[in-house]
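Below is one structure, written out as structure tokens; comments come after it.
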Amino acid sequence: MICDTHAHLDDKQFAMDRETVIQRARTAGISTIINIGHTEASCKDAVNLASRYSFIYATVGIHPHDAKDCTEKTWELLLKLSQNPKVVAWGEIGLDYFRDLSPRDIQRRVFIRQLELANEARLPVVIHNRDAHGDILEVIKKHLPEAGGVFHSYSGSWEMAKELLRLGFYLSFSGPLTYKNARHTLEVAANVPEDRFVVETDCPYLTPEPNRGKRNEPSYVREVVAKIAEIKGLPLEKVAQLSSENAKRLFGLAK
Ligand code: NI
């Protein structure tokens with residue numbers, strides 16, 4: 001029983017075989033999938049997908065890449081979608097200073113707005129952070145999400161992780177944990193408390209070893225679980241159970 005807490009199954013890379021990919025995940029013991037919205041269109045698609053499968057849930061939010069295109073109409077749409085009982089979080093939201101596809105001041109304004117909207121919708125948040133550690137910390141300390149949240153595909157230092165854990169956040173591990181250069185992330189995975197981590201694929205991106213380079217899919221989240229088990233010296237089934245219990249608590253999923 002494993003929960004993939006961050007998938008993009010609505011992506012066009014799954015257009016030809018989405019159903020097969022979902023069935024393969026079930027066969028591989030993936031009990032729950034959270035499908036993440038990142039644009040207006042993908043939020044609608046995520047909610048539609050979740051309504052068709054009992055074990056798939058959705059989130060709604062606008063990625064920092066698209067912050068520049070947000071209007072009041074965007075927030076009306078997302079608030080409406082968020083009332084669907086299958087919507088379990090607001091995200092992915094945050095700051096991306098690596099690709100800088102939206103001006104940074106707009107990214108910050110839209111991030112803060114969505115932290116407020118998440119509170120209004122009483123949902124936890126899914127945070128994307130790329131090369132924006134300082135600003136992310138400054139913003140979330142001032143606008144602490146009331147229902148908590150998770151840093152998706154966490155790749156920062158243990159120092160920053162400790163601060164996020166103190167603030168009540170969960171950390172999510174993904175494919176890069178299995179890569180050769182994962183030194184910092186290995187340290188975080190070794191030290192993260194057993195009740196504060198979850199796992200994800202971020203599929204179709206960030207494919208774990210040994211399939212790195214291919215399209216990612218939810219069944220591959222087992223590789224991330226196996227790596228954490230190795231690092232923490234725990235049985236794989238124990239890590240699967242912990243990560244799935246943590247996901248249920250974080251997203252308020254039915255037992
Ligand atoms: Ni994502």
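Just follow the structure's listing: the first ligand is 1, and inside any ligand the first atom is 1.
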Under the criterion side-chain hydrogen bond (donor to acceptor under 3.5 Å, both in side chains), which of Q114, H152, H38 is the partner of E92?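 Among the candidates, only H152 passes.
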Listing by chain and number, what protein N/O/S atoms are under 2.8 Å from the Ni ion (ligand 1)?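 Hits for the Ni ion (ligand 1) below 2.8 Å: H6 NE2, H8 NE2, E92 OE2, D202 OD1.
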Could you verify whether a donor N or O on one side chain and an acceptor N or O on the other, from N35 and D10, lie under 3.5 Å apart?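 The criterion, which ignores hydrogens and geometry beyond distance, is satisfied for D10 and N35.
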Charged N to carboxylate O under 4.0 angstrom, R215 versus D11?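 No, R215 and D11 are not salt-bridged.
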Under 3.5 Å donor-acceptor pairs involving side-chain atoms of residues 234-243, not counting sequence neighbours:
residue	atom	partner	partner atom	Å
Q241	NE2	E245	OE2	2.8
S243	OG	V239	O	3.2
S243	OG	A240	O	3.0

side-chain contact (heavy atoms from CB on, under 4.5 Å) evaluation trace for T74 with E40: CA-CA 7 Å; T74 311; E40 286 187 24; 2.9 Å; yes
Parallel, tilted or perpendicular: which fits the ring planes of Y154 and F151, with parallel below 30° and perpendicular above 60°?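 Aromatic pair Y154/F151 classed perpendicular.
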